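Being a predicted model, the structure only gives us computed values, none of them experimental. Computation of the quantities below employed the complete heavy-atom set of this structure, encompassing side-chain atoms and omitting hydrogens, waters and symmetry-equivalent molecules. Here is the naming used below: chain letters follow the sequence lines, and residue numbers restart at 1 for every chain.
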There are 2 protein chains.
Amino acid sequence: MKMSGGVEWALHCCVVLSRAGAPVPAAKLAELHDVSQSYLAKQLQLLSRAGLVRSTLGQSGGYVLTRATSEITVLDVVEAIDGAQPAFRCTEVRQRGPLAVPAERCDTPCPIARVMDSADRAWRESLRAITVADLVADVGRTTPAETLEAARQWLRA
Amino acid sequence: MKMSGGVEWALHCCVVLSRAGAPVPAAKLAELHDVSQSYLAKQLQLLSRAGLVRSTLGQSGGYVLTRATSEITVLDVVEAIDGAQPAFRCTEVRQRGPLAVPAERCDTPCPIARVMDSADRAWRESLRAITVADLVADVGRTTPAETLEAARQWLRA
DNA sequence: TCTATTCGGACAAGAGTTATCCGAGTCAAG
DNA sequence: CTTGACTCGGATAACTCTTGTCCGAATAGA
């Protein structure tokens, strides 16, 4: 039960991109966060496929958010990187073995699957309630103003 | 983001064990569910380490639940098999790279980590609210009476 | 005492994730 | 218009974790 580590990077990237007015190349994002540039590129590709960011090629190219930060939920990013499939997958154990329940009697989902689905929904709902805008606001509140200004300068260079 | 498949088996085993008055060997549980006997043994070991079941060696030995089903939550089983560690682990990205925030300024947890922790708590809370007794009741409600009786006979043999 | 049966931990195989590279395409400058 | 350098994108290995299997130690009953 482990989420892809790329989710953390992707979320940090979204926060940074929201502050930058111009496209930011993947290499710069990698250097800023001190992570593998090649691997971060993969995460950004996934964000691109999901339609959360748009890439611009050539000189002075890079990545830009496609929507307002208030329109991007944390769940959007998590599902883009980690996939949208639920963590639990019911294999219909009750239909196997010597006492298998016939399929036609299994009109209602397995109770175990129902509990897991419910928990999964609660988890996703919790992530859907927070947007990148909320994260940006929170970062702005807890980070020294000087650091924020330094970041802005560093990105511009 | 995938939960161990053994969780499903372990929960089914708990339901079965609650109906059996006597110890049930791992081999019988494996045959009943038509799953790998060697691998199921591993899951039962984990349940044993967690103190949810007690094993009896020798002839007519097997596994028995240690508590009433109403005292065993689904979360107990999930954490026994899949581990209790949260799916998201913050690597403190903000303390890395050229604009690293000094550690002494990081008194509050990273906003991203806070969101993830909150979602994780919601998920666990949802699983903690359901007990094995609830599952047993639900199974009894949705399974044909004849199948339940057949299971009882099969376990006895 | 002996035997059959049980669990427990140590031992491989496979899948998924992590990490990396190089080529195709594109924009900007000269 | 040409050149050139810079960008992303997908295809390619290394690694970790999960899955799956085995045999030995211990036990209860005959």
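Using a 4.5 Å heavy-atom threshold, the side chains of B:Thr73 and B:Leu127 count as separate. Residues B:Trp9 and B:Ile81 have side chains not in contact (no heavy-atom distance under 4.5 Å, counting atoms from C-beta outward). No side-chain heavy atom of B:Ser118 sits less than 4.5 Å from a side-chain heavy atom of B:Met116.
The CG atom of B:Leu47 sits 11 Å away from the P atom of C:dG8 (whole-angstrom rounding). Put simply, CG on B:Leu46 is 14 Å from P on D:dG20, counting in whole angstrom units. Rounding to whole angstrom units, CH2 of residue A:Trp9 and C1' of C:dT17 are separated by 12 Å. Taking atom CD of B:Glu8 as the reference point, atom P of D:dT18 lies 18 Å away to the nearest angstrom.
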Heavy atoms under 4.0 Å is the rule here; annotate nucleotides 25-30 of chain C 5' to 3' with B where the base is hit, S where only the sugar-phosphate is, and - elsewhere.
BBSS--

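When all heavy atoms of A:Thr69 and A:Thr131 are compared, the pair lying nearest together is O-CB, 3.7 Å. Taking all atoms of both residues into account, the shortest heavy-atom contact from B:Gln45 to B:Tyr63 is N-OH, 4.3 Å. Taking all atoms of both residues into account, the shortest heavy-atom contact from B:Glu71 to B:Arg67 is O-NH1, 2.7 Å. Heavy atoms only, all atoms of each residue included: B:Arg124 and B:Ala84 are closest at NH2-O, 3.0 Å. The two atoms that bring B:Ala80 and B:Leu46 nearest to each other are O-CB, 3.7 Å, heavy atoms only.
Distance alone, capped at 3.5 Å, places no donor-acceptor pair between the B:Thr147 side chain and the B:Thr143 backbone.
The phosphate of D:dT19 has OP1 or OP2 within less than 4.0 Å of a side-chain N or O from B:Ser4. Checking the phosphate oxygens (OP1, OP2) of D:dG10, a side-chain nitrogen or oxygen of A:Arg49 falls inside 4.0 Å.
Using a 4.0 Å heavy-atom criterion, one finds that A:Gly6 contacts no nucleic acid atom at all. When heavy atoms are screened at a 4.0 angstrom cut-off, B:Ala27 is found touching no nucleic acid atom at all.
A heavy atom lying under 4.0 Å from DNA chain D marks the following residues of residues 36-45 of chain B, by number: B:Ser36, B:Ser38, B:Tyr39, B:Lys42. At a non-hydrogen distance threshold of 4.0 Å, nothing from residues 74-98 of chain B comes into contact with DNA chain D.
Both A:Tyr63 and A:Met1 lie close to DNA chain D; mapped to their nearest nucleotides by heavy-atom distance, the more 5′-ward contact belongs to A:Tyr63. Both B:Lys2 and B:Ser48 lie near DNA chain C, and the one whose nearest nucleotide falls closer to the 5' end is B:Ser48.
Summarising the geometry, atom CE belonging to B:Met3 is positioned 13.5 Å from atom CZ belonging to A:Arg89; distances are rounded to the nearest 0.5 Å.
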Test log, rule side chain to side chain contact (heavy atoms under 4.5 Å, CB included), inputs A:Trp123 and A:Val78:
CA-CA 11 Å; A:Trp123 182 73; A:Val78 169; 4.0 Å; yes

